[in-house]
Amino acid sequence: MQYTLEHTSNKSAARAGTLTTPHGEIKTPIFMPVGTAGSVKGVHVKELKEDIKAQIILGNTYHLYLRPGMPVIEAAGGLHKFNGWDKPILTDSGGFQVFSLGDIRKLTEEGVRFQSHIDGSYHLFSPENSMNIQRSIGADIIMAFDECTPGDADYDYAKKSLELTQRWLDRCYTQLDKTHPLYGHEQSLFPIVQGCVYPDLRKMAARQISSFNADGYAIGGLAVGEEENDMYAMIEVVNAILPQNKPRYLMGVGTPVNILEAIDRGVDMFDCVMPTRNGRNGMLFTRKGIINIRNKKWESDFTPVDPDGTSYVDHQYSRAYLRHLIISKEMLGAQIASIHNLAFYVWLTQEARRQIKNDTFKAWKEEMVQQLIVRL
RNA sequence: GGGAAGAUACCGAAGCGGUCAAACGGGGCAGACUGUAAAUCUGUUGGCUCAGCCUUCGUAGGUUCGAAUCCUGCUCUUCCCA
């Protein structure tokens, strides 16, 4: 996997680059739609490619492992073959589920004992089997198995948690060395920086993972309950240390403003469930601000969903019609909103890329962040 | 024509002497959602000069310290018999 840093913004740390993977190029900064169970909820591959212009999507180790299970994924020939997406894929390691499944899991040095949220059965996730499962899935980019430390963790907990993540990283690499890709293409492991909101822990973590010659580096454990300013501060601290010539991936973030602020601080890759989940729940992100399409004010607004939108759904349907669909719980409503939001997120990052290369990023971003928070 | 049951807030439906402006659903209105246990969850839903007051449980009266709840007339609805 090859990353080429093409341009750095003249007035900020924002970068434009190209990441070349076994399944094609990714023009950064980039937003990556989340496809937890092997599908970006409600969105066809055709729409991802032609309308949203997604360059890479995510899958999730925990969810795919539980269902359909690795025998099926391997028999299919990996996730690319299984879901028909022939562009790059990134899989999360299950680390986030360590955080989000809170009360049905137990954390030990060995790994995490989970109870399946589907049938209550017990499973152990460890760095070793997370790597094995991610081999079976066959993503281009695979993530280290970490503990996503909660944003409100105290210093001692955050330190212990970080040290565990560091020991787990060694085991991830060891396991990866013992195994090989199953489908004829290389897989790149991205290590993850933890350390909660504590600058010295973040620095320590960034230095530690930088010592591995990874193809890219991730910043995790942010947007998980901490103050927004703390998040931005941690990004700055970490990006000052991570190698310049490798992509940086901010995991699970975030709002359109979060993304622009992070790009401004040198982040290259993003993923978040917000465009799809919030879309399904009636929230539309546009370059003029945020629309809650369920609100009565849109009841008879027959103007396009988003006149500035880049996807066909933006012009094909009216706000009144989309409101009707969402309120009536018609599945088409969720699909339209998801396509719109994903297209907007991808547009936002690709427009940022254009502005960076044009050396106009900083001013453009300052204007955008004012606009993006407006409630329409 | 005779008999039975019933009429409760936007709708459906509990309540069957005081703790009832009235449970619970639905609908309406609004909010939340950040490496997806989420097509989910939360709040609110008579009025006002709002820690209180006013009007509301078909309608008109009555009993009672006190009624959505008990009694009587009336109106309407559903079912059964002729």
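Lettering of chains follows the sequences in order, A, B, ..., and the numbering in each one begins at 1.
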Output a table of donor-acceptor pairs, distance under 3.5 Å, between side-chain atoms of residues 50-58 of chain A and any protein atom two or more places apart or on a different chain; print 'none' if there are none.
unit_1, atom_1, unit_2, atom_2, d
A/Glu50, OE1, A/Lys46, NZ, 3.2
A/Asp51, OD1, A/Tyr312, N, 3.1
A/Asp51, OD2, A/Tyr312, N, 3.4
A/Lys53, NZ, A/Glu50, O, 3.1
A/Gln55, OE1, A/Lys27, N, 2.6
A/Gln55, NE2, A/Gln350, OE1, 3.1

Can you list, pair by pair, the side-chain donor-acceptor contacts under 3.5 Å of residues 28-39 of chain A, counting residues two or more places apart and other chains?
unit_1, atom_1, unit_2, atom_2, d
A/Thr28, OG1, A/Gly17, N, 3.2
A/Thr28, OG1, A/Gly17, O, 3.2

Using atom types as modelled, flag every donor-acceptor pair under 3.5 Å from a side chain in residues 66-75 of chain A to any protein atom, sequence neighbours excluded.
unit_1, atom_1, unit_2, atom_2, d
A/Glu74, OE2, A/Ser136, OG, 2.6

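Using a 4.0 Å cut-off between a side-chain N of Lys or Arg and a carboxylate O of Asp or Glu, A/Lys49 and A/Asp86 qualify as a salt bridge.
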Using a cut-off of 4.0 Å between protein heavy atoms and nucleotide atoms, how would you tag nucleotides 25-30 of chain B 5' to 3' with B, S and -?
-> ---SSS

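Hydrophobic cluster membership for A/Leu201: A/Tyr155, A/Leu162, A/Val197, A/Tyr198, A/Met204 (Ile, Leu, Val, Met, Phe, Trp, Tyr linked by side-chain heavy atoms under 4.5 Å, directly or transitively).
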Identify the pairs formed between an N or O of the protein and an N or O of nucleotides 42-44 of chain B at a distance under 3.5 Å, and give each distance.
none

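Nucleotides B/rA37 and B/rG31 are separated by 25 Å at their P atoms, to the nearest Å.
In this structure, A/Glu226 reaches neither bases nor backbone, as no heavy-atom distance under 4.0 Å exists between it and the strands shown. Heavy atoms of A/Gly95 sit nowhere under 4.0 angstrom from any nucleic acid atom. Among the protein residues, A/Arg375 comes within range of the sugar-phosphate backbone only, with heavy atoms under 4.0 Å from sugar or phosphate atoms but none that close to a base.
No more than 12 heavy atoms of other residues, nucleotides or ligands lie within 6.0 Å of CD in A/Glu367, so this atom counts as exposed by the packing criterion.
The list of ring pair (Phe, Tyr, Trp, His ring centres under 6.0 Å) pairs with a residue in residues 213-252 of chain A, not counting sequence neighbours, is empty. Applying the ring pair (Phe, Tyr, Trp, His ring centres under 6.0 Å) test to residues at least two apart or on different chains, the pairs with a partner in residues 272-297 of chain A are A/Phe285-A/Tyr345.
Residues from residues 267-277 of chain A with heavy atoms under 4.0 angstrom of RNA chain B, sorted by number: A/Asp271, A/Cys272, A/Val273, A/Met274, A/Thr276, A/Arg277. Only A/Lys41, A/Leu58, A/Asn60, A/His63, listed by number, bring a heavy atom of residues 41-64 of chain A to less than 4.0 angstrom from any atom of RNA chain B.
For A/Arg277, the salt bridge (Lys or Arg N to Asp or Glu O under 4.0 Å) criterion is met by no residue, not counting sequence neighbours. Looking at residues two or more places apart in sequence or on another chain, you find a side-chain hydrogen bond (donor to acceptor under 3.5 Å, both in side chains) between A/Ser328 and A/His324.
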Residues A/Glu147, A/Gln194; criterion side chain to side chain contact (heavy atoms under 4.5 Å, CB included); working and verdict = CA-CA 8 Å; A/Glu147 185 194 1; A/Gln194 288 291 338; over 6 Å; no

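Within the 4.0 Å cut-off from OP1 or OP2 of B/rG35, not a single side-chain nitrogen or oxygen of A/Gln97 is found.
Residue A/Leu372 contributes atom CG, which lies 19 Å from atom P of B/rU34 at whole-angstrom precision.
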